[in-house]
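Below is one structure, written out as structure tokens; the observations come after it.
Residue numbers start from 1 in every chain, and the chains themselves are labelled A, B, ... in the order their sequence lines are given, proteins ahead of strands. None of the values given here were measured: they were computed from a predicted structure.
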Amino acid sequence: MTATVDRRGRAAWEALADQAEREAEGLAQQFDAIAPPREGYLSQAGAWNWSSNDQVKEAFRAAGIDLESTEDDALAAVAHPLAALLRHYRAASKLASTYGRKWLKQVAAEGRVYADWRQLGCITGRMSSSSPNMQNLPGEERYRRCFRAPEGRVLVKADYSQIELRIAARISGDKALLEAYRTGQDVHTLTARRMTGKQEVTAAERKLAKPVNFGLIYGLSARTLRRKALAEYGVSMTEEDAQRYKAAFFTTYAGIDCWHRHIRRQRPTEVRTLAGRRFVVGPDDFYGAKANYAVQGTGGDGLKAALALLWERRHEVAGAVPVLAVHDEVVVECDAGQAEAVAAWLKTAMVEAMAPLIDPVPVEVEVKVARTWGGD
DNA sequence: TGTAGTTGCGCC
DNA sequence: AAAGGGCGCAACTACA
């Protein structure tokens, strides 16, 4: 599988890299301006290295704030301009370092990216990718647009909709989830209704229901739910609120609760995916990890079965080639003229591979055709 | 100077 | 005891 960053993509990437670098530098200067003086340094400029967590803790302590950890979740809970500034700096500096100009060295001269793909790179049976890792590129459109199909070609991108929730519905047999999927309801909206007790929920409430759905399936604690809601969605709640949301979730999806209790009680030493693939776990491993292995592993099985079908059916669409697979997404490059046929071919394979695993839960695949991975 | 371990964070 | 899971990469830190 090899995606393409052509000259235009490379130029766009370089502009983004420079922009991120300038932004990180500017934020570092702002930090110097408002940070307490550093012991042993006469001038403020450049006194603190903001990438050093030891120095971050030291600077915050000088400002009267004790940080137990400097990770984003913890910083989000700190009401001080230093914390907000640091969070911005971290975001910019991540883009500048991991996804900076240096990243482009891994693009071959003709514009192709030949990453290393490991078929069983993850314990769960998912693939992993390195040099470069093609599975953790920034999700923002401005970055993904740098990956472009060659002249006369297009990218057909298809991804499974809410696949992990669907798999969890099948494994747990939860009645409410099965019914919601059977009748085509939106599960995030359903959760939001049960959390708020309202029939009509706002977009923000639905958005908050997403981490609740994904997190609680794998044993997220009320405390962590609260932290994540604040850090990732800017939503504050008390721990009691979080506890109530959690209770509402498990009342609504009693089958999920039952599944978890079963794992805790039985303390299994092996877990199987819905394809029957087994892996060994410790009896005392966290139940959430075991639940996750079964779900994530099944997703991996289904995606690989889909890729295998594409190989077996490659003669139906000569010239179409998969260039990317990101856990629940497959991108195929093909001639512009065959895009519609390839879209149908891809969607069919993805559905036919996954459907038998999670029957009777329906599989939904969203397909888009565009010149770039960013969708334009 | 090079290596190993830790922390943090990008994606799903 | 309490705990969402799975990766790979960059920067920092400690140490030889």
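- Open room surrounds CD on A:Glu340; 12 or fewer heavy atoms of other groups in view lie less than 6.0 Å from it.
- Annotation: A:Phe214 is in aromatic contact with A:His188 [ring centroid separation under 6.0 Å].
- Below 30°, between 30° and 60°, or above 60°: for A:His80 and A:Phe60 the angle between ring planes is between 30° and 60°, a tilted geometry.
- In this structure, CG on A:Leu307 lies 9.0 Å from CG on A:Leu346, to the nearest 0.5 angstrom.
- A pairwise comparison of heavy atoms in A:Ala115 and A:Met134 identifies CB-CG, 3.8 Å as the closest pair.
- Annotation: B:dG8 and C:dG4 have their P atoms spaced 16 Å apart (nearest Å).
- Residue-level contact check: A:Gln296 touches the bases, meaning some heavy atom is under 4.0 Å from a base atom.
- On the nucleic acid side, DNA chain B has its first and last nucleotide under 4.0 Å of a heavy atom of chain A at B:dT7 to B:dC12, going 5' to 3'.
- Checked against a 6.0 Å centroid threshold, the rings of A:Tyr245 and A:Phe249 do not count as neighbours.
- Checking A:Asp241 against A:Thr238 by side-chain atom types alone, a donor-acceptor pair falls below 3.5 Å.
- Using a 4.0 Å cutoff on non-hydrogen atoms, the parts of residues 266-290 of chain A near DNA chain C are A:Phe286, A:Ala289, ordered by number.
- Heavy atoms only, all atoms of each residue included: A:Asn53 and A:Arg90 are closest at OD1-NH2, 3.1 Å.
- Counting all heavy atoms, side chain and backbone alike, A:Ala222 lies closest to A:Gln243 at CB-NE2, 3.5 Å.
- For DNA chain B, the residues of residues 80-95 of chain A within the heavy-atom distance limit of 4.0 Å (strictly under) are A:Arg90, A:Lys94, sorted by number.
- In this structure, A:Glu58 does not pair ionically with A:Arg61, as no charged nitrogen and carboxylate oxygen lie closer than 4.0 Å.
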- request: Check step by step if side-chain hydrogen bond (donor to acceptor under 3.5 Å, both in side chains) holds for A:Glu164 and A:Tyr218.
  value: CA-CA 11 Å; A:Glu164 292 207 352; A:Tyr218 307 125; 2.7 Å; yes
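- Annotation: the span from A:Thr196 atom OG1 to A:Arg244 atom CZ amounts to 13.0 Å, rounded to 0.5 Å.
- Using a 4.0 Å cut-off on heavy atoms, the residues of residues 220-235 of chain A that approach DNA chain C are A:Leu220, A:Ser221, A:Thr224, A:Lys228, listed by number.
- Side chains of A:Trp373 and A:Glu329: a donor-acceptor N/O pair is present below 3.5 angstrom, by distance only.
- With rounding to the nearest 0.5 Å, the separation of CZ in A:Arg313 from CD in A:Glu352 is 4.5 Å.
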query: Does the side-chain hydrogen bond (donor to acceptor under 3.5 Å, both in side chains) test come out yes or no for A:Arg118 and A:Ser130, once each step is laid out?
result: CA-CA 8 Å; A:Arg118 263 170 265 186; A:Ser130 60; 3.1 Å; yes
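- The ring of A:Tyr89 has its center no closer than 6.0 angstrom to the ring center of A:Phe31.
- Across A:Lys94, A:Lys228, A:Arg87, a single residue satisfies salt bridge (charged side-chain N to carboxylate O under 4.0 Å, His left out) together with A:Asp72, and that is A:Arg87.
- In summary, contact between chain A and DNA chain C, defined as any nucleotide atom under 4.0 Å from a heavy atom of the protein, begins and ends at C:dA3 to C:dT13 in the 5' to 3' direction.
- Listed by residue number, the members of residues 52-70 of chain A with any heavy atom below 4.0 angstrom from DNA chain C are A:Ser52, A:Asp54.
- A:Asp186 and A:Thr189 form a side-chain donor-acceptor contact under 3.5 Å, judged by distance and modelled atom types alone.
- At the heavy-atom level, A:Phe214 lies nowhere under 4.0 Å from the strands shown.
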